[in-house]
Amino acid sequence: MPELPEVETIRRLIEPELVGREIGRARVDWARSVGGEPRAFARAVRGARVRAVGRRGKFLVAPLERPGRRVDGALVVHLRMSGRLHVEAAEEDPGPYARVSCELSDGKVLHFVDVRKFGRFLFRERPEELLQHLGPEPLGEAFTLPWLRSALRGRRRALKPLLLDQGFVAGLGNIYVDETLHRARLHPLVRSDRLRAPRVAALHAAIRQVLAAAIEREGSSFDTFYRTPEGRPGSYQERFEVYGRGGKPCRRCGATIRKIVVCQRGTHLCPRCQRTPRSG
DNA sequence: AGCTACTCCTGGTAGC
DNA sequence: TGCTACCAGGAGTAGC
């Protein structure tokens, strides 16, 4: 599902399609996608100009310029499980799952397509309020090794749920947590405050390496959901070491990859590379 | 503080 | 073939 690398790929590809365009009429086919008030949403974005398309964690944030309005505000988009963004010609059919469609001043239309309806396509006068709970960007300057060491020590939580917690670090999801933990040779149930310094360094490096490599390959597509806005699948799934590889041999040691459940999430690991918490 | 369960949704698939 | 039951999955919320 779209995690940081997929969202960043979408951001890079869609930004030139949106920056400088003015939003005209907005059509909302599923009220909850815009937070429940279709008319208020349409009124808020009408006449707004897109200044940029940024990313914070798994959120896309597009600051707007709204001449004559009290506050400029921003579009805040979260794709969750199945959300996609498409910029298409007006006569193009976005299909049955288009939840929000915004006409653009260049004649095209921005469609928010979301089969499972978990995603959000919101307007916020103060977008920072929605984002303030997020932890540091794992590829940003604040995510340093000393920060991670002290943050891990300050919590007493299993690594997997902690890394999935967007308030701890922003942008990791189920796939990249599993891949990261395998790379760092850490079991998902190891308690955060029990990690020794070399393991913390391995985790810090693994998070950055996995995310950077995935962005380089335009994210991962292993089902029909994720595509770049140009319709292309990413290719990082070809590099998966554990995710979706239950029953197959670990490429590093040959042991059979196991699939277990941790906090209601499918969790993939190599029992030899990633020793259980007890055996350290 | 951290855990578990529950909710939101739908397409896909397993089982009959 | 056609039906039902169940599952995945991010994140917010509630209760313990």
Side-chain angles (χ1 to χ4, degrees), chain A residues 1-8 10 28-37 55-61 76-85 94-100 111-122 124 127 129-135 137-138 150-181 187-195 211 214 219-227 234 237 240 242-247 258-269 277:
Chain A
M1 315 297 132
E3 302 179 25
L4 190 154
E6 290 76 30
V7 177
E8 176 61 21
I10 291 165
V28 177
D29 288 303
W30 185 252
R32 298 188 73 146
S33 297
V34 295
E37 299 278 357
R55 181 189 57 74
R56 181 76 176 90
K58 301 177 201 172
F59 288 88
L60 286 167
V61 184
V76 182
V77 180
H78 198 304
L79 303 169
R80 291 282 183 99
M81 314 295 303
S82 57
R84 293 161 69 161
L85 291 174
Y97 306 117
R99 310 301 182 189
V100 187
H111 297 288
F112 175 62
V113 177
D114 187 17
V115 173
R116 293 186 184 167
K117 300 180 174 175
F118 280 6
R120 291 295 178 262
F121 191 96
L122 309 169
R124 283 292 132 110
E129 285 176 4
L130 260 182
L131 309 170
Q132 63 186 359
H133 72 285
L134 295 173
E137 284 293 319
S150 122
L152 289 170
R153 263 204 303 251
R155 308 294 293 270
R156 300 179 174 194
R157 213 174 165 191
L159 284 181
K160 171 130 184 180
L162 187 58
L163 293 175
L164 285 174
D165 183 346
Q166 302 301 295
F168 186 75
V169 184
L172 291 171
N174 205 38
I175 296 170
Y176 294 108
V177 167
D178 281 6
E179 291 300 311
T180 290
L181 289 174
H187 193 282
L189 293 175
V190 175
R191 253 176 56 172
S192 60
D193 57 329
R194 302 241 173 109
L195 284 197
L211 292 177
S220 312
S221 307
F222 53 91
D223 57 26
T224 56
F225 288 131
Y226 171 72
R227 292 291 181 278
Q237 70 279 2
F240 286 170
V242 287
Y243 189 85
R245 296 195 68 242
R258 285 180 52 198
K259 183 176 180 187
I260 62 173
V261 175
V262 176
C263 52
Q264 285 91 249
R265 292 283 143 68
T267 298
H268 313 74
L269 63 104

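Comparing dG12(C), dG2(B), dC9(B) against the side chain of Arg156(A) picks out dG2(B) as the nearest. Checking dA11(C), dG10(C), dC8(B) against the side-chain heavy atoms of Gln166(A) singles out dA11(C) as nearest. Closest to the side chain of Met81(A), out of dG11(B), dG9(C), dC3(B), is dG9(C). Between dA11(C), dG11(B), dG2(B), one nucleotide has an atom nearer to the side chain of Lys58(A) than all others, and that is dA11(C). In this structure, the nucleotide among dG12(C), dC8(B), dG10(C) sitting nearest to the side chain of His133(A) is dG12(C). Nearest to the side chain of Arg80(A), among dG10(C), dC9(B), dG2(B), sits dG10(C). Closest contact between the side chain of Tyr97(A) and the listed nucleotides dT4(B), dG11(B), dG9(C) involves dG11(B).
With centres under 5.5 Å and a plane angle under 30° as the test, the ring of Phe118(A) is not stacked against the base of dA11(C).
Across the protein-nucleic acid pair, Lys160(A) atom NZ and dT4(B) atom P stand 14 Å apart, rounded to whole Å. Rounded to whole Å, atom P of dA8(C) lies 10 Å from atom CD of Gln264(A). A straight line from CG of Leu162(A) to P of dA1(B) spans 13 Å, rounded to a whole angstrom. Whole-Å rounding puts the Leu134(A) CG to dG10(C) P distance at 15 Å. The distance from atom CZ of Arg84(A) to atom C1' of dG11(B) is 14 Å, rounded to the nearest whole Å. The interatomic distance linking Ile175(A) (CD1) with dG10(C) (C1') rounds to 12 Å, in whole Å. Note: CG (Leu172(A)) to P (dA11(C)) measures 10 Å, nearest angstrom.
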Using distance only, find each side-chain donor-acceptor pair of residues 167-175 of chain A under 3.5 Å and give its atom names and separation, not counting sequence neighbours.
{"from": "Asn174(A)", "atom 1": "OD1", "to": "Lys160(A)", "atom 2": "NZ", "distance (Å)": "2.6"}
{"from": "Asn174(A)", "atom 1": "ND2", "to": "Gly266(A)", "atom 2": "O", "distance (Å)": "3.0"}

Which is it for Glu137(A) and Leu4(A) under the side-chain contact (heavy atoms from CB on, under 4.5 Å) test, yes or no, and what are the steps along the way? CA-CA 9 Å; Glu137(A) 284 293 319; Leu4(A) 190 154; 3.9 Å; yes
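Between Tyr176(A) and Phe240(A), the ring planes lie perpendicular to each other; the angle is over 60°, past the 30° to 60° tilted range.
When each of Ser192(A) and Trp30(A) is assigned the nucleotide of DNA chain B bearing its nearest heavy atom, the one mapping closer to the 5' terminus is Ser192(A).
In terms of phosphate contacts, Tyr243(A) brings no side-chain nitrogen or oxygen within less than 4.0 Å of OP1 or OP2 of dA8(C). In terms of phosphate contacts, Arg157(A) brings no side-chain nitrogen or oxygen within less than 4.0 Å of OP1 or OP2 of dA1(B). A close approach under 4.0 Å does occur between a side-chain nitrogen or oxygen of Lys117(A) and OP1 or OP2 of dT10(B). Here His78(A) does not reach the OP1 or OP2 of dG10(C): none of its side-chain N or O atoms lies under 4.0 Å away.
A salt bridge is defined here as a Lys NZ or Arg NE, NH1 or NH2 lying under 4.0 Å from an Asp or Glu carboxylate O, and Asp165(A) with Arg157(A) meets this definition.
Other residues, nucleotides and ligands place no more than 12 heavy atoms under 6.0 Å from the CZ atom of Arg258(A). Residue Arg156(A) places its CZ atom among 12 or fewer non-hydrogen atoms of other residues, nucleotides or ligands, all under 6.0 Å distant.
Interface remark: the Arg265(A) side chain does form a donor-acceptor pair with the dG10(C) base, using a distance-only criterion of under 3.5 Å.
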